[in-house]
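First the structure, in the form of structure tokens, and then the observations on it.
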Amino acid sequence: MGNSLFRKKSIDQLIAATRGEKALKKELGAFDLTMLGIGAIIGTGIFVLTGTGAVTAGPGLVLSFVIAGLACLFAALAYAEFASTVPVSGSVYTFTYATMGELLAFIIGWDLILEYMLAASAVSAGWSGYFVSFLNGIGLHIPLELTAAPGTLKDQTTYFNLPAFLILMGITFLLYFGIKESKRINNFMVIVKIIVILLFIIVAFKYVKPDNWTPFMPFGFSGVFGAAALVFFAFIGFDAVSSAAEETKNPARDLPRGIIFSLVICTFLYVIVSAIMTGIVPFMQFEGISHPVSLVLQVAGQNWVAGIVDIGAILGMTTVMLVMLYGQTRIMFAMSRDGLVPKVLSKVHSKYKTPYINTLFFGTLSALMGGLIPLDELASLVNIGTLSAFILISVAVIVMRKTQPDLPRAFRCPGVPYIPILAIVSCGVLILNLNGQTFIRFIIWLVIGMAVYFLYSRKNSLLNRDTEK
């Protein structure tokens, strides 16, 4: 039994699985992958978490973004090596299967559900708030009872978050019809939101008062690291680029570029925007503010930009949901193709070449969660799931270098084992800054996953069937 739990798929087996009737269509280049990464990263981080992080770290929030960004960059280099060498759907799940065996691969695949599906649902609630605000501004009103999940508003009765449900269902059908159509819409929305962010920087920069940056770290390094653990949520998504490996035209060249370019661009924008925001508004004034960018513009007397920023926030969060849901369906596609979850989830549409049943199922589930469940408290679960994935991918690179040193690598993570070790340590530090409730919920989720694995996945695994033959 011990050996069967750690049975591995060879690189040849993984690549062979990408051919035939369950092959996905190759449509993505380096630009598309970079836009996919930026689309996943820039959203809630700039438009919501900058305010929350400022209250926790003060002006030192810029350091928090740098710390979280470095932790991601170390892991990104590991992702780039694997994704370019093993261009197969499944991201870290697939890479773990090839290096550390089936049980750990299943655990990380199960773990990634927290990152992708839950993140899409959580972001849909923030999107709904901005969208309702935008509609109110042009004189259109949705009944309050249909603008939030039950129990979200303390003094108001709410039944269902209709905008959150509808946007996720719309994204679901977009993904259903194909990655080509999805990438075009994503690329357009990403370009628009980058223009909006650059407009904010240009307009707000001259209103910065350096005195507001003093004291720079009012809560010391503990505040900076605490905020880093929080704003890490803002970087979630760049790893979804590796989920697109099987749909990339030239994965050896384009995947490393897409992963690293998107992360560096977004970190730069986060640092600039957070510095400007804390330079205009004293950091404590962000407490309880859900639209921090709007507050900064009000203080600067530039209300005319606020409506444009609302549009940027709406588009920003839309692309985050698009990429998160895309990543979720590709992880489940890979697990289904390996027999660890029902095979119907890897069925590919004959015309659109997408895992359509998988997309409809998880898209609808995410939409219902966004409409019915207040997910604010579960954001930290998304973080711990992602950080765990980053640690495993870093370990996997070290293991692969030892066990398969001669494997042709299109991109090599520099400084192995030191860079992966830095990723492991930095992600571990961020995990330790999460609260105890997060660990309890995470353990419960893993226990449920173990039940699924031993009751279904282990005996239905394709590797198990091959062994029995």
Side-chain angles (χ1 to χ4, degrees), residues 3 5-15 17-18 70-116 236 238-246 251-252 255-256 258-260 263 327 330-331 334-335 337-338 340 384-428 430-431 446 449 453 457 461 463:
N3 290 335
L5 296 180
F6 298 100
R7 55 197 174 202
K8 303 171 186 175
K9 293 195 76 173
S10 69
I11 303 299
D12 290 339
Q13 284 177 307
L14 290 170
I15 294 176
T18 66
L70 281 174
C72 290
L73 179 60
F74 296 145
L77 293 170
Y79 269 100
E81 175 167 326
F82 262 105
S84 59
T85 306
V86 190
V88 180
S89 277
S91 184
V92 67
Y93 156 77
T94 298
F95 310 148
T96 304
Y97 213 153
T99 54
M100 291 178 280
E102 185 174 280
L103 178 61
L104 284 175
F106 177 87
I107 289 173
I108 205 61
W110 187 256
D111 176 24
L112 286 174
I113 296 175
L114 291 178
E115 176 183 356
Y116 293 129
I236 287 173
F238 82 85
D239 54 314
V241 175
S242 65
S243 299
E246 198 170 319
L255 278 165
I259 292 171
I260 296 170
L263 186 58
R330 270 43 180 185
I331 294 289
M335 294 181 72
R337 195 163 56 182
D338 292 335
L340 301 185
I384 196 170
T386 307
L387 286 164
S388 300
F390 287 3
I391 289 173
L392 269 179
I393 191 67
S394 302
V395 172
V397 163
I398 298 173
V399 171
M400 186 71 91
R401 287 287 185 93
K402 290 289 185 181
T403 57
Q404 300 189 49
D406 299 324
L407 180 70
R409 289 168 169 83
F411 175 88
R412 297 178 70 89
C413 174
V416 174
Y418 305 108
I419 292 296
I421 288 173
L422 283 173
I424 294 166
V425 172
S426 55
C427 290
L430 292 179
I431 285 178
L446 289 182
Y453 177 78
S457 305
S461 163
L463 287 186

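The structure presented is a predicted model; accordingly, all values stated were derived computationally and were not measured.
Taking the side chain to side chain donor-acceptor pair (under 3.5 Å) definition, one finds that Asp338 meets it with Lys9, Tyr93, sequence neighbours left out. For Ile107, the side-chain contact (heavy atoms from CB on, under 4.5 Å) partners at least two apart in sequence or on another chain are Leu103, Leu104, Leu446, Met450. Remark: Phe411 pairs with no residue by the ring-ring contact (aromatic ring centres under 6.0 Å, His included) rule, at least two apart or across chains. Under the ring-ring contact (aromatic ring centres under 6.0 Å, His included) criterion, Phe390 pairs with Tyr79, Phe232, Phe238, sequence neighbours left out. Ser426 pairs by the side-chain contact (heavy atoms from CB on, under 4.5 Å) definition with Ala71, Phe74, not counting sequence neighbours.
Residue pairs meeting the salt bridge (charged side-chain N to carboxylate O under 4.0 Å, His left out) criterion with at least one partner in residues 388-400, sequence neighbours excluded, are absent. Among pairs with a residue in residues 410-425, none fulfils salt bridge (charged side-chain N to carboxylate O under 4.0 Å, His left out), at least two apart in sequence or across chains. Among residue pairs with one or both ends in residues 418-427, none qualify as salt bridge (charged side-chain N to carboxylate O under 4.0 Å, His left out); sequence neighbours excluded. The list of salt bridge (charged side-chain N to carboxylate O under 4.0 Å, His left out) pairs with a residue in residues 79-98, not counting sequence neighbours, reads Glu81-Arg401, Glu81-Arg409.
Using a 4.5 Å cut-off on side-chain heavy atoms (C-beta onward), Cys427 and Thr386 make no contact. The shortest distance between side-chain heavy atoms of Tyr453 and Glu102 falls below 4.5 Å.
Interatomic distance, Leu407 CG to Thr85 OG1, rounded to the nearest 0.5 Å: 6.0 Å.
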